[in-house]
Amino acid sequence: MDEEFDYVIVGAGSAGCVLANRLTATGDASVALIEAGSSDSSWLFRMPLGFMMTAANPDYDWGYESEPDAKLGGRSLPVPRGRVLGGCSSGNGMIYMRGHSRDYDEWRQRGAAGWSYADVLPYFRRMETSWRGADRYHGDSGPLSVTPVEGSHLLTDPIRRSAIAAGHAESPDLSGEQQEGFAPCEVTVDRRGRRASTSRAYLSPALKRPNLSLISEAQATRVLIEDGRATGIEYIRDGERHRVRARREVILSGGAYNSPQLLMLSGIGPAAHLAEHGIPVIADLPGVGRKLSEHPLVYMTYAARGAESFLRALRLDRAALSVLRWAATGSGPFASQITSGVLMLRTRPELERPDIQVVFLPVRLDAKLWAPLVGKRQSHVLSVMVMQLHPESRGTVQLRSADPLDKPRIDLNLLSTPRDFADIRGGIEAVRHIFAQPPLADMVESEIAPGGGAQSDAALDDFIRNNLRITQHPAGTCRMGEGPDAVVDSQLRVRGVSNLRVVDASVMPSVPGANINAAVIMIAERAADLIRGIQPLSPES
């Protein structure tokens with residue numbers, strides 16, 4: 001017989017783990033949490049720098065790729081997505097940022113009532129235990145630990161001084177009042193030096209409750225719908241099909257690729273596209289899988305004049321001692337991120353908010369462990385990530401077939417407007433100006449990429465086209481709001497089907513201008529109140 005619960009959640013990622021915790025907290029509702037991936041018990045998930053070894057591991061990743069794109073020279077891009085408890089929060093770079101306050105006011109302007117900055121700030125506070133303590137912008141009693149990166153070994157001070165010399169402000173808190181300028185990096189790492197994924201922060205405590213059932217290594221294949229009402233989920237586990245029923249609601253938290261895929265497999269989406277694959281239409285929602293937004297990025301690299309990069313810490317004996325130090329004390333160079341700092345900047349003075357995020361990394365992108373006198377040692381390189389925050393380009397997620405085990409067709413459609421090229425060029429020029437200032441100017445030999453010869457707009461556009469990547473911040477494919485393309489309303493309820501919600505980055509009306517994991521957790525926190533019928537936290541005055 002089918003198992004039955006009050007709520008069935010699909011996806012134990014950044015949002016699903018939060019929902020599983022909050023919906024079982026009072027003990028008056030039972031929850032089934034379905035996850036295609038397996039456990040995050042490996043020590044590599046706990047050690048912050050372990051993500052360098054788990055990234056793109058087929059045991060923990062969906063293995064998605066984008067469709068070949070002529071605008072990128074015919075390239076397909078890797079599209080990493082966590083397939084493990086905690087989802088992407090178990091394998092991301094842990095950078096904690098919220099974006100600009102205007103990002104959320106824009107959500108409200110696009111029809112997402114109740115999601116302005118004033119509305120969401122109390123939920124950012126509720127979810128945090130910030131090293132800063134409790135104040136107007138931060139909390140000190142939430143499940144998610146936020147700590148600073150100690151940057152004395154990461155060249156943070158010289159980078160800060162050069163950024164200031166180049167005319168950029170220094171921000172004491174990019175999540176506070178001054179949301180522009182240079183600041184040291186903050187990460188979701190606890191004070192014991194362990195990664196604070198949503199699996200660790202939210203799901204682990206909740207799994208001790210008798211009203212939560214975790215069904216892992218189980219891939220959802222469709223939403224069960226009867227008379228226009230979502231009644232459960234069908235899933236495959238160990239090659240066999242199973243069903244689990246929901247008395248109250250079904251909640252999809254598979255992310256910006258998997259949630260629209262599951263909706264379409266269930267007959268919810270663009271009618272013409274569903275007909276192509278022989279799927280009966282239950283709700284014709286043309287916005288499902290549309291409006292895909294991602295943060296594109298390019299890396300700049302500089303040849304270091306001395307042996308000052310993080311490559312020094314990757315000498316085999318030093319690395320081994322760092323792992324032991326982390327295991328014993330939760331400290332040392334492997335107990336946090338290796339980001340020197342973050343700069344939020346505007347490439348044009350008339351802009352109301354930053355359009356470029358610059359992340360400084362004091363290490364080469366292909367850095368490897370090394371041993372003295374063994375092989376050829378890599379040279380020291382400083383890397384800089386230039387990320388466009390508000391791209392105009394929009395992509396799509398579509399079905400490849402009606403087979404739920406087929407990967408979705410992901411068309412990122414990057415660089416489809418001149419403005420997207422111009423923004424990234426502006427970010428490159430800003431970084432060049434920073435590296436022309438002392439002390440950085442005295443610490444580098446030359447610019448490796450794009451290289452000193454790439455000065456014209458055409459040359460930089462060629463560099464961007466041939467080197468563009470994505471930041472793993474997909475959003476918008478089940479957009480929240482009003483109008484014919486909206487998939488869910490402001491309560492995150494799917495239009496045209498009752499008892500069905502989507503709670504993840506796919507509901508974002510636009511992608512926030514920063515790393516989005518914090519925003520996803522905030523969405524789930526607020527959604528938990530909406531689902532339980534609890535009055536949302538009072539907006540910030």
Distance check, rounded to the nearest 0.5 Å: [X] atom [atom1] versus [Y] atom [atom2]?
| X | Y | atom1 | atom2 | answer |
| --- | --- | --- | --- | --- |
| Arg526 | Arg22 | CZ | CZ | 14.5 Å |
| Leu49 | Met94 | CG | CE | 6.5 Å |
| Tyr257 | Leu292 | OH | CG | 5.0 Å |
| Leu412 | Glu65 | CG | CD | 11.0 Å |
| Arg419 | Gln388 | CZ | CD | 9.0 Å |
| Ser175 | Leu121 | OG | CG | 10.0 Å |

List the steps, then state whether salt bridge (Lys or Arg N to Asp or Glu O under 4.0 Å) holds for Glu67 with Arg75. CA-CA 8 Å; Glu67 294 299 295; Arg75 289 189 297 140; over 6 Å; no
Salt bridge [X]-[Y], side-chain N to carboxylate O under 4.0 Å:
| X | Y | answer |
| --- | --- | --- |
| Arg394 | Glu294 | no |
| Arg132 | Glu186 | yes |
| Asp461 | Arg465 | no |
| Asp423 | Arg348 | yes |

Any donor-acceptor N/O pair, [X] side chain to [Y] backbone, under 3.5 Å:
| X | Y | value |
| --- | --- | --- |
| Gln357 | Leu389 | no |
| Ser76 | Ser66 | yes |
| Arg194 | Met47 | no |
| Glu525 | Ala527 | no |
| Arg110 | Pro509 | yes |
| Arg346 | Pro354 | no |
| Arg195 | Asn92 | yes |
| Asn467 | Phe463 | yes |
| Thr156 | Ser340 | yes |
| Ser14 | Val520 | no |

Any idea which heavy atoms bring [X] and [Y] closest together, and the distance?
| X | Y | answer |
| --- | --- | --- |
| Val189 | Thr147 | O-OG1, 2.7 Å |
| Leu154 | Ile159 | O-CD1, 4.4 Å |
| Leu369 | Ala319 | CD2-CB, 3.6 Å |
| Asp504 | Ser259 | OD2-OG, 2.6 Å |
| Val298 | Ile424 | CG2-CG2, 3.9 Å |
| Ser336 | Pro148 | OG-O, 4.5 Å |

So, do [X] and [Y] sit near enough that their side-chain heavy atoms are less than 4.5 Å apart?
| X | Y | result |
| --- | --- | --- |
| Arg192 | Trp326 | no |
| Glu352 | His100 | no |
| Tyr96 | Ile521 | no |
| His473 | His295 | yes |
| Ser293 | Pro474 | no |
| Leu77 | Leu72 | yes |
| Leu415 | Phe421 | yes |
| Arg364 | Thr301 | no |

Among all residues two or more places apart in sequence or in another chain, which pass the side-chain contact (heavy atoms from CB on, under 4.5 Å) test with [X]?
| X | value |
| --- | --- |
| Arg315 | Asp317, Arg318, Trp370, Pro372 |
| Asp140 | Ala134 |
| Arg108 | Asp105, Ser116 |
| Arg200 | Asp40, Arg46, Ser197 |

Report yes or no: do Asn517 and Ser89 form a side-chain donor-acceptor pair below 3.5 Å?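 Note: Asn517 and Ser89 side chains miss the donor-acceptor criterion.
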Polar contact flag, side-chain donor to acceptor under 3.5 angstrom, Arg479-Ser510: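 No, Ser510 and Arg479 have no side-chain donor paired with an acceptor closer than 3.5 Å.
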Which residues satisfy the salt bridge (Lys or Arg N to Asp or Glu O under 4.0 Å) test with [X], sequence neighbours excluded?
| X | result |
| --- | --- |
| Glu170 | Arg160 |
| Arg191 | none |
| Arg353 | Asp103, Glu106 |
| Arg125 | Glu540 |

Kindly determine whether Glu35 and Arg83 satisfy salt bridge (Lys or Arg N to Asp or Glu O under 4.0 Å), including the steps that lead there. CA-CA 8 Å; Glu35 167 58 37; Arg83 195 170 190 254; over 6 Å; no
Other residues, nucleotides, ligands: >12 heavy atoms within 6.0 Å of Glu392 CD: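 Result for CD/Glu392: enclosed.
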Using ring pair (Phe, Tyr, Trp, His ring centres under 6.0 Å) as the criterion, list what pairs up with Phe334, not counting sequence neighbours.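 For Phe334 there are no ring pair (Phe, Tyr, Trp, His ring centres under 6.0 Å) partners, ignoring immediate neighbours.
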Only counting residues at least two apart or in another chain, list the ones meeting ring pair (Phe, Tyr, Trp, His ring centres under 6.0 Å) with Tyr60.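 Partners of Tyr60 under the ring pair (Phe, Tyr, Trp, His ring centres under 6.0 Å) test: Phe45.
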With side chain to side chain contact (heavy atoms under 4.5 Å, CB included) as the test, would you mind laying out the steps for Lys71 and Leu414 before giving the verdict? CA-CA 8 Å; Lys71 299 187 299 301; Leu414 302 168; 5.8 Å; no
Pairs involving residues 430-458, ordered by first then second residue, that meet ring-ring contact (aromatic ring centres under 6.0 Å, His included) (sequence neighbours left out):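 Output for this query lists Tyr302-Phe435.
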With sequence neighbours excluded, give me every salt bridge (charged side-chain N to carboxylate O under 4.0 Å, His left out) pair touching residues 449-459.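 Residue pairs with at least one partner in residues 449-459: Arg425-Asp457.
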Go through the steps for His138 and Asp173 under the test side-chain hydrogen bond (donor to acceptor under 3.5 Å, both in side chains), then give the verdict. CA-CA 10 Å; His138 298 285; Asp173 180 7; 2.5 Å; yes
Pi-cation contact, Trp107 with Arg102 (under 6.0 Å, within 45°):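 The answer is no; the distance or angle limit is not met.
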